[in-house]
Participant: 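First, the structure itself, so that you have it in front of you.
Because the structure is a prediction, the values reported are computed rather than measured. Naming: A, B, ... by sequence-line order, numbering from 1 per chain.
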Protein chains: 2
Amino acid sequence: MENIDDKDLKLLKLLQNNAKLTVKELAREISLSLSPAFERVKRLENEGYIKKYAAILNAEKLNRGFTVLCQIKLKIHDKSVGNDFVKQILKIDEIVECYNISGDYDFFLKVQAKDMKHYQDFVFNTLGCVDAIGSTHSTFVMAEVKNSHGLNM
Amino acid sequence: MENIDDKDLKLLKLLQNNAKLTVKELAREISLSLSPAFERVKRLENEGYIKKYAAILNAEKLNRGFTVLCQIKLKIHDKSVGNDFVKQILKIDEIVECYNISGDYDFFLKVQAKDMKHYQDFVFNTLGCVDAIGSTHSTFVMAEVKNSHGLNM
DNA sequence: CCTGAAAAAACCTTAGG
DNA sequence: CCTAAGGTTTTTTCAGG
């Protein structure tokens, strides 16, 4: 893994916050001229520091403003059941994140639904069809206090 | 709130996945010519469907690949303590997300640290200095199974 | 690492259908 | 909604220090 300096880090911060900044603007921010700034951005992209550029969408306006944190226990802890579970999780749109976790539960899901009614339907009719699931525990998000959409550096 | 059609939805999906697509490419994908495609994107931006454009960074390469889900109970449940807590949370870099939640705990944090050692230091020296906190419970992420970095539509 | 120039591409607007 | 044109800006490359 290669090294990055303060200017690279600043570029990453700036682009994380606003991917539409032009090379000219970035160059000014890091006190370099256009060419080296451009080269740095390309290097950060090529070396994988920047995974991709994405539009951050408004979940509320797209009927996905109801966030639930859902913990899951598998019925049986073997490889094939786990693989089966993962395969199904990947196909479910409401699940935006899934982590294999330590503790009493096996998986942690972040679910984005329209509202409580939608979530109930999701639990019964979507999760309910995932055979590997033993039990679930839902925690409801009442308010989003902080969401950096990335790293704070 | 205005309505969006299938083409708008497709634009949002495409841009969520890759914000660097040109208007020409987007136009081709939704089978429209350049001008209306351009107008649609601007409309989606202006009406707030697109909150911003961001570079998605590689947490691993930036020494933030160790993810912990941390639940927090406040000492006292009054407005000033809550506000105080929130104000401090916003300033802590390792905390990338924070939600006010239902259930036994009051807040849910997603923490990105370098490694366990860094996390331990974070719990003792950073969270340890947040006066409002009554108790914490850490759940460690062993593997990221799914992360859409947005909505699945 | 830098400056500066310049080609190529994309953006954005406007006019007309 | 479309095409087409044209100015502006940005991207990208390249020569030379």
Participant: Over 60° means perpendicular and under 30° means parallel, so tell me whether B/Y119 and B/F140 are parallel, tilted or perpendicular.
Facilitator: perpendicular
Participant: Would you please name every residue forming a salt bridge (charged side-chain N to carboxylate O under 4.0 Å, His left out) with B/E144, sequence neighbours left out?
Facilitator: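 Checked B/E144 against salt bridge (charged side-chain N to carboxylate O under 4.0 Å, His left out); zero matches.
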Participant: For B/R40 and C/dC12, what is the distance between atoms CZ and P respectively, to the nearest whole Å?
Facilitator: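 Distance check: B/R40 CZ to C/dC12 P gives 18 Å.
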Participant: Taking B/S148 for its side chain and B/L151 for its backbone only, find out whether a donor-acceptor pair lies under 3.5 Å.
Facilitator: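 Absent.
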Participant: Return a single string for nucleotides 4-11 of chain D, one symbol per nucleotide in 5' to 3' order, where B is base contact, S is sugar-phosphate-only contact and - is none, cutoff 4.0 angstrom on heavy atoms.
Facilitator: B-----SS
Participant: Going by the rule side-chain contact (heavy atoms from CB on, under 4.5 Å), which residues pair with B/N100 if we only count those two or more places apart in sequence or in a different chain?
Facilitator: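 B/N100: side-chain contact (heavy atoms from CB on, under 4.5 Å) contacts with A/M142, A/A143, A/V145, B/F107.
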Participant: State, with a plain yes or no, whether a side-chain heavy atom of A/I101 is found less than 4.5 Å away from one of A/Q71.
Facilitator: yes
Participant: Write down the distance between CG (A/L26) and C1' (D/dT12), rounded to a whole number of angstrom.
Facilitator: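 That distance rounds to 15 Å.
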